[in-house]
Amino acid sequence: LALAVLGLTYGALVGPMTDTFADLSGQFAEILGATDDVLDGYLSFMALYDVIIVSAFTILALHKVRGEETSGRAEPVLATMTGRVRWLGTHLLVVCAAAVTILVVTGLAFGIGAAASTGEVGQIAELTAAHAVRIPELLVFASVGVLLYGIAPRALPLVWLVFAYAVVLALFGQLLDLPQWAHDLSPLDHIGRMPLEDAGVTPVLTLCAVAAATAAAGLVAFRRRDLTVT
């Protein structure tokens with residue numbers, strides 16, 4: 001709800017801010033990833049901003065799984081006919097479903113606010129799509145978390161390092177002038193930033209495949225290791 005309200009709010013600012021974009025400094029435009037169309041740069045940047053927030057939620061939600069194990073609550077559940085893969089897999093499914101729903105609703109709210117501000121109804125579908133197309137990035141963060149957790153509960157917080165690295169490159173990569181391989185390591189640097197640029201089918205499918213393979217590896221690792229109770 002908070003993100004939906006936030007989306008409506010900064011969507012409603014699109015109209016009034018349109019005239020001010022012409023006066024932005026070149027460096028600020030570069031942060032937005034735009035040099036010619038600063039408005040689309042702003043819209044795509046806000047979609048990225050929302051993905052970052054929802055990714056943080058995804059990681060935080062996965063920490064509940066760790067708490068279930070270390071507190072001893074998972075052990076009696078897994079002593080029944082509930083298998084480890086099913087137990088962790090359903091946790092992952094719920095977390096991902098929640099994250100996807102939050103991201104899409106936020107994009108829809110952003111689009112409604114922008115459409116009301118500019119009078120362009122097409123903004124609703126365009127900005128909802130700009131958010132929805134970045135779902136694979138959420139899935140990658142979730143799958144990395146599951147892999148680390150599958151190895152050991154104490155390893156799960158390391159996913160924040162991956163998150164921090166991706167956020168720094170996404171926000172300041174244009175200014176840091178890093179080599180391409182450094183950007184390739186970031187989950188947030190592959191899908192094109194709509195509506196500024198085309199998202200690209202190949203990056204979307206590739207990130208989905210990476211997320212699926214990583215999650216599968218995490219489930220296998222969890223099935224093979226001992227439970228940890230503190």
Side-chain angles (χ1 to χ4, degrees), residues 1-61 96-142 163-176 186-200 203-204 207:
L1 288 174
L3 280 174
V5 172
L6 183 63
L8 282 171
T9 301
Y10 56 61
L13 295 175
V14 171
M17 292 179 64
T18 301
D19 295 334
T20 67
F21 288 140
D23 299 327
L24 290 178
S25 66
Q27 190 176 49
F28 190 80
E30 191 174 357
I31 292 176
L32 293 180
T35 53
D36 298 325
D37 194 336
V38 183
L39 175 59
D40 280 350
Y42 165 75
L43 297 176
S44 62
F45 183 85
M46 296 313 297
L48 170 65
Y49 177 75
D50 289 334
V51 170
I52 290 173
I53 295 177
V54 181
S55 295
F57 156 79
T58 304
I59 297 172
L60 287 171
C96 289
V100 168
T101 301
I102 293 171
L103 183 63
V104 173
V105 168
T106 304
L108 177 61
F110 186 24
I112 292 173
S117 176
T118 62
E120 299 179 13
V121 181
Q123 294 277 19
I124 299 176
E126 186 175 36
L127 294 177
T128 302
H131 284 68
V133 77
R134 309 200 70 137
I135 289 174
E137 297 170 339
L138 299 177
L139 302 182
V140 169
F141 284 118
F163 175 76
Y165 177 83
V167 170
V168 170
L169 260 67
L171 298 180
F172 307 109
Q174 298 291 335
L175 302 178
L176 295 175
S186 169
L188 298 177
D189 257 28
H190 296 274
I191 297 176
R193 298 183 180 183
M194 294 177 61
L196 182 64
E197 55 190 6
D198 182 63
V204 171
L207 287 184

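Counting begins at 1 with the first residue of the sequence. Note that this is a predicted model, so its numbers are computed, not measured.
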When you compare the side chain of I191 with that of V133, does any pair of heavy atoms fall below 4.5 Å?
yes
Test log, rule side chain to side chain contact (heavy atoms under 4.5 Å, CB included), inputs L127 and L43:
CA-CA 8 Å; L127 294 177; L43 297 176; 3.9 Å; yes
Excluding sequence neighbours, so at least two apart, what forms side chain to side chain contact (heavy atoms under 4.5 Å, CB included) with V100?
V104, I135
For [X] against [Y], the heavy-atom pair lying closest together:
X    : Y    : value
A115 : Q123 : N-CB, 4.1 Å
A142 : T58  : CB-CG2, 3.7 Å
A4   : T106 : N-OG1, 4.4 Å
T101 : A97  : OG1-O, 2.8 Å
S55  : L138 : OG-CD2, 3.2 Å
P187 : A166 : CD-CB, 3.8 Å

Would you compute the distance between atom [atom1] of [X] and atom [atom2] of [Y] and round it to the nearest 0.5 angstrom?
X    : Y    : atom1 : atom2 : answer
I102 : L1   : CD1   : CG    : 9.5 Å
L139 : L207 : CG    : CG    : 9.0 Å
L48  : M194 : CG    : CE    : 14.0 Å

side-chain contact (heavy atoms from CB on, under 4.5 Å) test vs L3 passes for just one of L103, V54, V105, namely V54
Tell me which one of F45, Y49, Y10 satisfies ring-ring contact (aromatic ring centres under 6.0 Å, His included) with F110.
Y10
Can you pull the salt bridge (Lys or Arg N to Asp or Glu O under 4.0 Å) pairs that have at least one residue in residues 118-134, sequence neighbours excluded?
R134-E137
Are the side chain of S117 and the backbone of G113 linked by a donor-acceptor contact shorter than 3.5 Å?
no
